[in-house]
Participant: 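Structure in structure tokens, see below.
Bear in mind that the values here come from a model prediction, so they are computed numbers and not experimental data. In what follows, chains are A, B, ... by sequence order, proteins preceding strands, each numbered from 1.
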Amino acid sequence: MKIAREFYQRSSLEVARDLLGLVIVHQTEEGITKGKIVEVEAYMGTLDAAAHSFKNTRSPRTEVQYGEGGYAYIYLIYGMYYCMNIVTNIIDKPEVVLLRALEPMEGIELMKQRRKTDKLNNLCSGPGKLCSAMGINKSSYGVDLCGTQLYLETPEIRESIETIASKRINIDYAGEAKDYLWRFTIKDSKFISVKR
DNA sequence: CGGAAGATTTCT
DNA sequence: GAAATCTTCCGA
């Protein structure tokens, strides 16, 4: 079942935890790909020194964060890789959740082709990798996740999930915010990004 | 308008 | 351990 708007209209921390185990779906001309979310990070907007919208720095890039929850926030990092975020909360609360790793479920051949590797646990184990595998790029910026092209759904079989909280990755510049336990992973998943 | 740095990945 | 590579942001 497709996830509805209300799901996204809460704080990033709540949404981030609940995202684990859900399935992200992307329909493209090349085909459909699906992956189970196994690793995310919450970014808490104006209060969070690691967030792009820290101190209300509104700009063309962060604009979509200021709208209501349930839209895609996508940006290019290091001039090479895209990162997929989900906008959460209500209007004028610029919070997002970064998707960091997926467990490939459907369209795996297409993922292998896009990523140029055959190793299952190397297809989506990082924010840049999963965007590459799913075929996500700048053209999906601002897309409505309650639409038909790019959206989330509940898995057909609901397994019980054990969640682990840890420090976020590669935000050493963020002062004390770098120690917040706002990264969430599924315990024992083989598909999370490796380093800590 | 110029320069620096980045929510990463890959190769050596 | 360092390169690849370019958009975005900030200061002048």
Participant: How many whole angstroms separate atom CG of A/L130 from atom P of B/dT9?
Facilitator: 8 Å
Participant: Side-chain N or O of A/K116 less than 4.0 angstrom from OP1 or OP2 on B/dC11?
Facilitator: no
Participant: Consider the side chain of A/L76, meaning its heavy atoms from C-beta on, and name the nucleotide among C/dA4, C/dT7, B/dT8 that approaches it most closely.
Facilitator: C/dT7
Participant: For A/K129 and B/dT9, give me the distance from atom NZ to atom P, rounded to whole Å.
Facilitator: 6 Å
Participant: Please report the distance, rounded to the nearest Å, between CD in A/E63 and C1' in C/dT8.
Facilitator: 15 Å
Participant: Would you mind listing every salt bridge (charged side-chain N to carboxylate O under 4.0 Å, His left out) that reaches into residues 132-151 of chain A, with sequence neighbours excluded?
Facilitator: A/R5-A/D144
Participant: Does A/Y75 get its side chain close enough to the base of B/dA7, under 3.5 Å, for a donor-acceptor pair?
Facilitator: yes
Participant: In whole angstrom, give the distance that lies between atom CD1 of A/I74 and atom P of C/dT8.
Facilitator: 13 Å
Participant: Only one of A/V25, A/I86, A/V23 passes side-chain contact (heavy atoms from CB on, under 4.5 Å) with A/L152; say which it is.
Facilitator: A/I86
Participant: Heavy atoms under 4.0 Å, any strand shown: does A/L98 hit a base, just sugar-phosphate, or nothing?
Facilitator: base
Participant: Are the ring of A/Y43 and the base ring of B/dA7 both nearer than 5.5 Å at their centres and tilted by less than 30°?
Facilitator: yes
Participant: B/dT10 phosphate, OP1 or OP2: any side-chain N/O from A/R115 under 4.0 angstrom?
Facilitator: yes
Participant: Starting at CE of A/M80 and ending at C1' of C/dA3, how long is that distance when rounded to a whole Å?
Facilitator: 8 Å
Participant: Between A/R183 and A/S166, does any side-chain donor sit less than 3.5 Å from a side-chain acceptor?
Facilitator: yes
Participant: State whether A/S59 places a side-chain N or O below 4.0 Å from either non-bridging phosphate oxygen (OP1 or OP2) of C/dC9.
Facilitator: yes
Participant: Report yes if a side-chain nitrogen or oxygen of A/N170 is closer than 4.0 Å to either non-bridging phosphate oxygen (OP1 or OP2) of B/dT8; otherwise report no.
Facilitator: yes
Participant: Work out which heavy atom in A/V87 is nearest to a heavy atom in A/E68; give both atom names and the distance.
Facilitator: CG1-O, 3.8 Å
Participant: Does C/dC6 have its OP1 or OP2 closer than 4.0 Å to a side-chain nitrogen or oxygen of A/Y81?
Facilitator: no
Participant: So that I know where these two stand, are A/Y73 and A/Y71 an aromatic pair - ring centroids less than 6.0 Å apart?
Facilitator: no
Participant: Have a look at A/E95 and tell me which of A/N85, A/N89, A/T46 forms a side chain to side chain donor-acceptor pair (under 3.5 Å) with it.
Facilitator: A/N89
Participant: Using a cut-off of strictly less than 4.0 Å, decide whether A/R183 has a side-chain nitrogen or oxygen near OP1 or OP2 of B/dA7.
Facilitator: no
Participant: Expected output check: what is the dot-bracket annotation of DNA chain B, where ( ) and [ ] are pairs inside the strand (brackets for crossing ones), | is paired with another strand, and pairs are Watson-Crick or G-U under 3.5 Å?
Facilitator: ||||||.||||.
Participant: Take the protein atom NZ of A/K119 and the nucleotide atom C1' of B/dT10, then report the distance between them rounded to whole Å.
Facilitator: 13 Å
Participant: So what does A/V96 hit on the nucleic acid, given a heavy-atom distance under 4.0 Å: a base, only sugar-phosphate, or nothing?
Facilitator: base
Participant: So which heavy atom on A/G45 is nearest to which on A/A51, and how close?
Facilitator: O-CB, 3.7 Å
Participant: From C-beta outward on A/I171, which listed nucleotide comes closest to its side chain: C/dA4, B/dA7, C/dT7?
Facilitator: B/dA7
Participant: Between B/dT9, B/dA7, B/dT8, which nucleotide has the shortest distance from any of its atoms to the side chain of A/Y173?
Facilitator: B/dA7
Participant: Using only side-chain N and O atoms of A/H52, determine if any of them is under 4.0 Å from OP1 or OP2 of C/dT8.
Facilitator: no
Participant: Given C/dT7, C/dC9, B/dA7, identify the nucleotide with an atom nearest to the side chain of A/Y73.
Facilitator: B/dA7
Participant: Which whole-number value in Å describes the distance from A/F54 CZ to C/dC10 P?
Facilitator: 12 Å
Participant: I need the CG-C1' distance between A/N122 and B/dC11, as an integer number of Å.
Facilitator: 13 Å
Participant: Please tell me if the side chains of A/N122 and A/S125 come closer than 4.5 Å, counting only heavy atoms from C-beta onward.
Facilitator: yes
